[in-house]
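Before any comments, here is the structure.
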Number of protein chains: 2
Amino acid sequence: MTSIIKIVKQIFMFYVLQRTKSNFAVATIIESALEMCQSYSMNLKELAKYLNLSPTTVSRALNGYPEVGAETKRRVDAEAQRLGYQPNPHARRLATGRSHAIGHVFPTDRSLMIDPLFSDFVAGAAEIYAVHGFEVMLHAGGSEDEISVYRRYAQGGAVDGVVVLGPRVNDPRIAVLNKLKLPFIVHGRLDEHEDSYAWLDIDNRGAFQKATKLLTDLGHRRIGIINGLEDMTFALHRKQGYESALRDKGIGIDPMITSSGLMTEENGYRQSKRILQITNRPTALLLSSMLLVSGAMRAINEMGLHIGKDISVIAHDDGLPFLNAEGLVPSLTTTRSSIRAAGSRVAELLLNIITDADAEQPHELWSVDLIVRGSTGSVGV
Amino acid sequence: MTSIIKIVKQIFMFYVLQRTKSNFAVATIIESALEMCQSYSMNLKELAKYLNLSPTTVSRALNGYPEVGAETKRRVDAEAQRLGYQPNPHARRLATGRSHAIGHVFPTDRSLMIDPLFSDFVAGAAEIYAVHGFEVMLHAGGSEDEISVYRRYAQGGAVDGVVVLGPRVNDPRIAVLNKLKLPFIVHGRLDEHEDSYAWLDIDNRGAFQKATKLLTDLGHRRIGIINGLEDMTFALHRKQGYESALRDKGIGIDPMITSSGLMTEENGYRQSKRILQITNRPTALLLSSMLLVSGAMRAINEMGLHIGKDISVIAHDDGLPFLNAEGLVPSLTTTRSSIRAAGSRVAELLLNIITDADAEQPHELWSVDLIVRGSTGSVGV
DNA sequence: GGTTTTTTCCAAAGCGCTTTGAGAGGCAAT
DNA sequence: ATTGCCTCTCAAAGCGCTTTGGAAAAAACC
């Protein structure tokens, strides 16, 4: 059976390869054959035979090694192009031991909460991977936990590196990955051992400090905060920024007007409603996500308050394309940092780590812009 | 160099393998070595040598072929487990020609709009893949367009199948995939050649027909609609459902109160504002996405209207975890169908197609529940 | 007991690529 | 003429697995 296929393959290739020399009738047949069988893939050996070269030389020519003559290389490249030759990725992976793939693991352990930030982040990353000929391998929870997945990846060389998302306080993943010698980079950062791994983070502390300071400068003294889950380091850092700015002004911290939880529309609504209903209600609100904003605006509208007048609002904006802070009415004052751009940069850094094995571990801390728009006003105007 | 590594490997393996027989001191060393080198992966040959079996037999035992004795299989399984043996995925792929991976392509061509629905869908799918030992390969736009990616996938056997998302009217992808003989399934469906490919779709037409009928039954005669981009088949179908329900009641279609565009918060706001500002404004609004709802509610609130009284609202709810229709106030009447569940089912169907090469092309049309909640009321009450 | 069938295992040949180590040919220097 | 040094090319040996086509041992039949 397989031998029949082989023979057909041979015949077919013969015609295809002779295409330039054949007469019209044959050429027509060939064209339609080519059309029909565009899925056919020739391999290196066949290409080499056609070029009257050894597979070695062809392989080297295509991969740009210097040992092959300029003219030969040109010829090989041209024919490979014309015939649509694509090296078999699996064979290449096996031979080189490199997978040209990056692993991303979905954070499904958080009560089935699929974070819409994730898709934006990974989209940014994936575009970079695509440019460099890398694939992205996704994994979503299930029976295996994240760490076993890493272990499996490391063993089989299924991926050349992984991206760790949403680090938590004392996150166990970092230690494991270091042990596994699997290249990785963290989006976000832990407070401990900052130097022992690569990371890219935005300055969450600074961002919320700036935001809080803006509010205190505008005269606000009661400022509520609706934050992400507190064991996530990003949320912790934001809280620290918030608290330090308050301390700077000698303002005490009131747990009644703080909240941390899932960043959903509904939670935004509930928490802001709760916070705005207490007797001495805050005059300003800090929100950790645009998702929370939709809910908060709902609550605020419902209570008959006016954003920017009765209550000032600042939110962190990850640049999600379906939730535009500027388009809101009034337009929203935000601390803004594109999560998609972060994804791209993380990808670049990881690819660097992978190719320059002994390069330094990169650490990038992005400062976050505070963009003042219409949702913040001085108190009591 | 590599030979040194080899020797070390040999020695190491020797100790590890003898672990059960060794005395305490050695055992301790071994334990720590094991600990340190958890990333070490033995290969089939080594495992076979240790078991005094041939690689053939071990391979067969692990893959559950019948040619191997029950006792032998048990032994092999046990030792493989104990030693943490994992077959090298690339070698396996090369040998079998199957990649055990499914391709998903990100829809980035839509003006950089990363659809948050996508992550929910793929999360559902990925969980199924994980159970069956399949990986998901993601690809996001960039230099290559979607079709070239498919072509590349097909040639190298990089994936065993692909999932096509967001089909458009006259979508060219289907024809290409059929030609490439790359197994695939469409989430959604085209109107043409419905039988020539596998698909799973929700009954968008029926859903919006039901929703519109509910509104007309409640006495509404001017019903606006804010839909997705009209070249997407799902949006087209919804529009058809809407129009057919109106026709049934002899109600004309007014293009002034219909709209189609990106499903973003901002667009929801703008379009609903526009529609609600025309002189003879609708008493009900149909929305194609919960994302549009946030914007629409904003507009409605701003105009001082009350949902469920002045204006009835029905939206399609894909079950996004961060945007809960029931949690809104008033809770929202929706046509509901979990996109995540669809992802899971699509994955199952595709895996079926892949394993049973000559199974029938599955076609599943999911009916959509209309869940009546507080946002719909009879007109003029 | 001899013959056939079944069970259980193995040697060896791939899968399609990369890479090592070496050879052939050309040219300049000795 | 010999040597040395490039430049360009190749044969062959992997990478780690699966799978084909037996073969040996055990079991079943006549």
Side-chain angles (χ1 to χ4, degrees), chain A residues 1-6 9 13 40-76 80 83 85-100 133 152 155-158 160, chain B residues 1-3 5-6 9 13 40-77 80 83 85-100 133 152 155-158 160:
Chain A
M1 191 54 186
T2 82
S3 62
I4 290 178
I5 291 174
K6 276 255 173 76
K9 213 164 143 177
M13 285 316 296
Y40 172 77
S41 65
M42 91 191 315
N43 62 22
L44 187 65
K45 214 162 75 183
E46 287 164 348
L47 179 60
K49 199 187 293 170
Y50 171 58
L51 286 163
N52 281 323
L53 288 171
S54 76
T56 311
T57 306
V58 177
S59 168
R60 282 184 165 148
L62 292 173
N63 292 320
Y65 282 76
E67 297 96 329
V68 52
E71 169 57 18
T72 310
K73 175 169 168 50
R74 209 199 43 72
R75 221 180 99 225
V76 172
L83 299 171
Y85 168 75
Q86 295 277 158
N88 178 305
H90 304 313
R92 174 185 287 208
R93 291 193 235 265
L94 178 57
T96 60
R98 322 209 61 182
S99 66
H100 279 240
R152 187 163 53 78
Q155 278 217 0
D160 292 337
Chain B
M1 191 54 187
T2 80
S3 61
I5 291 173
K6 277 255 175 74
K9 213 162 141 179
M13 284 316 296
Y40 171 78
S41 63
M42 88 189 319
N43 60 22
L44 186 65
K45 214 163 76 183
E46 287 165 349
L47 179 61
K49 199 187 292 171
Y50 171 59
L51 287 163
N52 280 324
L53 288 171
S54 76
T56 310
T57 306
V58 176
S59 168
R60 282 184 165 148
L62 292 173
N63 291 320
Y65 281 77
E67 296 96 330
V68 49
E71 168 57 19
T72 310
K73 176 170 167 49
R74 209 200 43 70
R75 222 180 100 224
V76 172
D77 283 345
L83 299 171
Y85 167 75
Q86 294 277 156
N88 179 306
H90 304 312
R92 173 185 289 212
R93 290 194 237 265
L94 179 58
T96 59
R98 321 211 61 184
S99 65
H100 279 238
R152 187 163 52 79
Q155 278 218 0
D160 292 337

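Quick caveat, the model's predicted, so the values are computed rather than measured.
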Study note, to complete from the structure: Taken to the nearest whole Å, CE/B:Met42 to P/D:dC15 is 15 Å
Check your understanding: Which residues, if any, of residues 63-75 of chain A bring a heavy atom under 4.0 Å of DNA chain C?
Key -> A:Asn63, A:Tyr65
**Study point:** Nearest-neighbour nucleotide for the B:Arg60 side chain, C:dC10, C:dC17, D:dC17 considered
**Key:** C:dC10
**Study point:** Expected output: side-chain B:Asp160 to main-chain B:Arg98 donor-acceptor under 3.5 Å
**Key:** no
Check your understanding: Do any N or O atoms from the side chain of A:Gln155 and from the backbone of A:Arg152 form a donor-acceptor pair under 3.5 angstrom?
Key -> no
**Study point:** Rounded distance (Å) that lies between atom P of C:dC17 and atom CD of B:Gln155
**Key:** 11 Å
Check your understanding: Starting at CG of A:Leu44 and ending at P of D:dG14, how long is that distance when rounded to a whole Å?
Key -> 19 Å
Review point. Is the phosphate of C:dC10, meaning OP1 or OP2, less than 4.0 Å from a side-chain N or O of B:Thr57?
Key: yes
Practice item. For the side chain of B:Ser54, starting at C-beta, report the closest nucleotide among C:dC10, D:dG16, C:dC17. Key: C:dC10
Review point. Looking only at heavy atoms, what is the nearest atom pair of B:Arg75 and B:Leu53, with distance?
Key: NH1-CD1, 4.5 Å
Check your understanding: Roughly how far, to the nearest 0.5 Å, is the CG atom of A:Leu94 from the CG atom of B:Asn88?
Key -> 6.0 Å
Revision key, fill the gap. Separation of C:dT18 atom P from B:Leu94 atom CG, nearest Å, is 12 Å
Exercise for review: Could you check how far NZ of B:Lys45 sits from C1' of D:dC15, rounded to whole Å?
Suggested key: 10 Å
Review point. What nucleotide among C:dC10, C:dG16, D:dC17 has an atom nearest to a side-chain atom of B:Arg92?
Key: D:dC17
Revision key, fill the gap. Contacts of B:Leu53 and B:Ala95 projected onto DNA chain C by closest heavy atom; the upstream (5') one is B:Leu53
**Study point:** Backbone of B:Ala61 reached by a side-chain donor or acceptor of B:Lys73 within 3.5 Å
**Key:** yes
Point to revise | Length of the NE2-P vector between B:His100 and C:dC15, whole Å | key: 19 Å
Practice item. Indicate yes or no: does B:Arg74 engage B:Glu71 in a salt bridge with an N to O separation below 4.0 Å. Key: yes
Check your understanding: Has the side chain of B:Thr56 got a donor or acceptor that lies under 3.5 Å from a partner of the other kind on the base of D:dT19?
Key -> yes
**Study point:** B:Asn88, nearest nucleotide to its side chain (from D:dG14, D:dC17, C:dC10)
**Key:** D:dC17
Review point. Does any donor atom in the side chain of B:Thr57 or B:Ser54 lie under 3.5 Å from an acceptor atom in the other side chain?
Key: yes
Review point. Rounding to a whole Å, what distance do you find between B:Arg98:CZ and D:dC17:C1'?
Key: 16 Å
Exercise for review: Mind calculating the distance between OH (A:Tyr85) and C1' (C:dG16) to the nearest angstrom?
Suggested key: 7 Å
